[in-house]
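Comments concern the structure below.
Everything numeric here is computed off the predicted structure, so don't read it as measured data. Excluded from the calculations below are hydrogen atoms, water molecules and symmetry mates; all remaining heavy atoms, backbone and side chain alike, are included.
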Amino acid sequence: LLHVAITILTSDTLIERQDNLDYAHQLLICFVERGKILFGHEFVVYNVHSLVHLVQCVKEHGSLENFSAFRFENHLRKLMKHVRNAKNPLVQVVNRITEQRQSEKLKNSDIEISCHFPNNAYLLTTGECVHVLTYREGENELAVRKYIQSEDYYHEPCHSKSLGIS
């Protein structure tokens, strides 16, 4: 419920339609109500209650990407994965990023391509799904496995393909 609602509210395309906003609002209300039933009234702290007002914020400010901290939080989480101990965390982050760029990633315009799970599956603009197996640094050569058929990742509360997820 929460995933589908947030997916809708982070998409500039999906929020253009009022029926999508109404659907996201219904899903968020359902999420909060079910959470209250499953986990008790203590579940509905301020942050959880705020979810029922999220659609109104999207109507006023645009998609969540325009005013949320998602991008910062996601980037910070990636940076923190590079820190192995408390000594010189900034140096560690810089070293790990340098190592990654030299050993496992190929910069292709604005897209970083990885051959390591779980970041090695890509949906191409043609709609095809590929899995990067290897690449040769400096030669811009990739070995990929192309999936012939893709299916919905989930069917409830809606089909994931309708949100661009397969």
Side-chain angles (χ1 to χ4, degrees), residues 1-28 30-31 51 54-55 58 61-166:
L1 298 173
L2 182 63
H3 175 264
V4 172
I6 298 301
T7 298
I8 291 169
L9 298 177
T10 55
S11 168
D12 288 325
T13 306
L14 293 174
I15 65 169
E16 290 176 357
R17 293 183 45 194
Q18 183 62 42
D19 59 329
N20 286 337
L21 292 174
D22 294 341
Y23 184 51
H25 186 66
Q26 291 169 357
L27 291 171
L28 290 171
C30 186
F31 174 79
L51 292 172
L54 208 50
V55 171
V58 168
H61 304 290
S63 89
L64 287 177
E65 296 292 343
N66 292 340
F67 65 94
S68 73
F70 288 159
R71 289 182 183 166
F72 173 74
E73 290 170 354
N74 286 340
H75 189 67
L76 185 58
R77 180 178 49 85
K78 289 176 186 175
L79 291 177
M80 291 306 295
K81 284 184 176 184
H82 296 302
V83 178
R84 296 183 181 152
N85 61 49
K87 186 178 178 187
N88 299 324
L90 184 58
V91 173
Q92 292 178 58
V93 169
V94 170
N95 288 342
R96 295 301 91 70
I97 290 172
T98 302
E99 290 168 5
Q100 273 186 333
R101 287 184 177 165
Q102 291 174 348
S103 66
E104 70 184 43
K105 293 196 176 181
L106 166 66
K107 191 83 169 172
N108 184 5
S109 65
D110 291 336
I111 300 171
E112 287 189 5
I113 299 174
S114 174
C115 59
H116 298 285
F117 180 81
N119 300 315
N120 60 338
Y122 297 90
L123 185 62
L124 305 179
T125 56
T126 61
E128 298 171 302
C129 185
V130 297
H131 178 118
V132 178
L133 302 172
T134 60
Y135 80 91
R136 293 191 181 147
E137 189 175 351
E139 297 179 32
N140 291 342
E141 186 175 311
L142 297 171
V144 300
R145 176 178 293 137
K146 178 178 157 186
Y147 293 95
I148 296 173
Q149 179 179 342
S150 68
E151 299 177 1
D152 279 309
Y153 189 68
Y154 52 80
H155 299 282
E156 295 292 332
C158 66
H159 290 276
S160 62
K161 283 187 181 178
S162 68
L163 302 172
I165 301 169
S166 57

Can you find a heavy atom in the side chain of Leu21 that is under 4.5 Å from one in the side chain of Ile15?
yes
Side-chain heavy-atom pair Leu2, Leu28 within 4.5 angstrom cut-off
yes
The side chain to side chain contact (heavy atoms under 4.5 Å, CB included) partners of Pro157 (sequence neighbours excluded) come to Leu1, Val4, Tyr23, Leu27
When rounded to the nearest 0.5 angstrom, what is the spacing between NE2 in His131 and OH in Tyr122?
10.0 Å
Got a sec, which pairs hit salt bridge (Lys or Arg N to Asp or Glu O under 4.0 Å) with one end in residues 74-91, sequence neighbours left out?
none
Give, for atom CD1 of Ile8 and atom OG of Ser162, the distance between the pair rounded to the nearest 0.5 Å.
7.5 Å
Results of side-chain hydrogen bond (donor to acceptor under 3.5 Å, both in side chains) for Gln26 - residues two or more places apart only:
none
Which heavy atom in Asp152 sits nearest to a heavy atom in Lys161, and how many Å separate them?
OD1-N, 2.7 Å
Can you pull out every side chain to side chain donor-acceptor pair (under 3.5 Å) where at least one residue sits in residues 5-18? Sequence neighbours excluded, please.
Asp12-Ser63, Arg17-Asp19, Gln18-Asp22
Interatomic distance, CG@Asn120 vs CG@Leu133, rounded to 0.5 Å, equals 7.5 Å
Value for NE2 (His159) from CD (Glu151), rounded to nearest 0.5 Å, stands at 12.0 Å
Looking only at non-hydrogen atoms, find the nearest pair between Lys146 and Val130 and report the distance.
CA-CG1, 4.1 Å
For His61, what residues pass the ring-ring contact (aromatic ring centres under 6.0 Å, His included) criterion, not counting sequence neighbours?
Phe67
Rounded to the nearest 0.5 Å, how far does NE2 of His25 lie from CG of Leu51?
11.0 Å
Do Val58 and Val55 come close enough that some side-chain heavy atom pair is under 4.5 Å?
no
Rounded to the nearest 0.5 Å, what separation is found between the CG atom of Leu90 and the CG atom of Leu79?
9.5 Å
Return the set of residues passing ring-ring contact (aromatic ring centres under 6.0 Å, His included) with His3 (not counting sequence neighbours), or none when no residue passes.
Tyr154
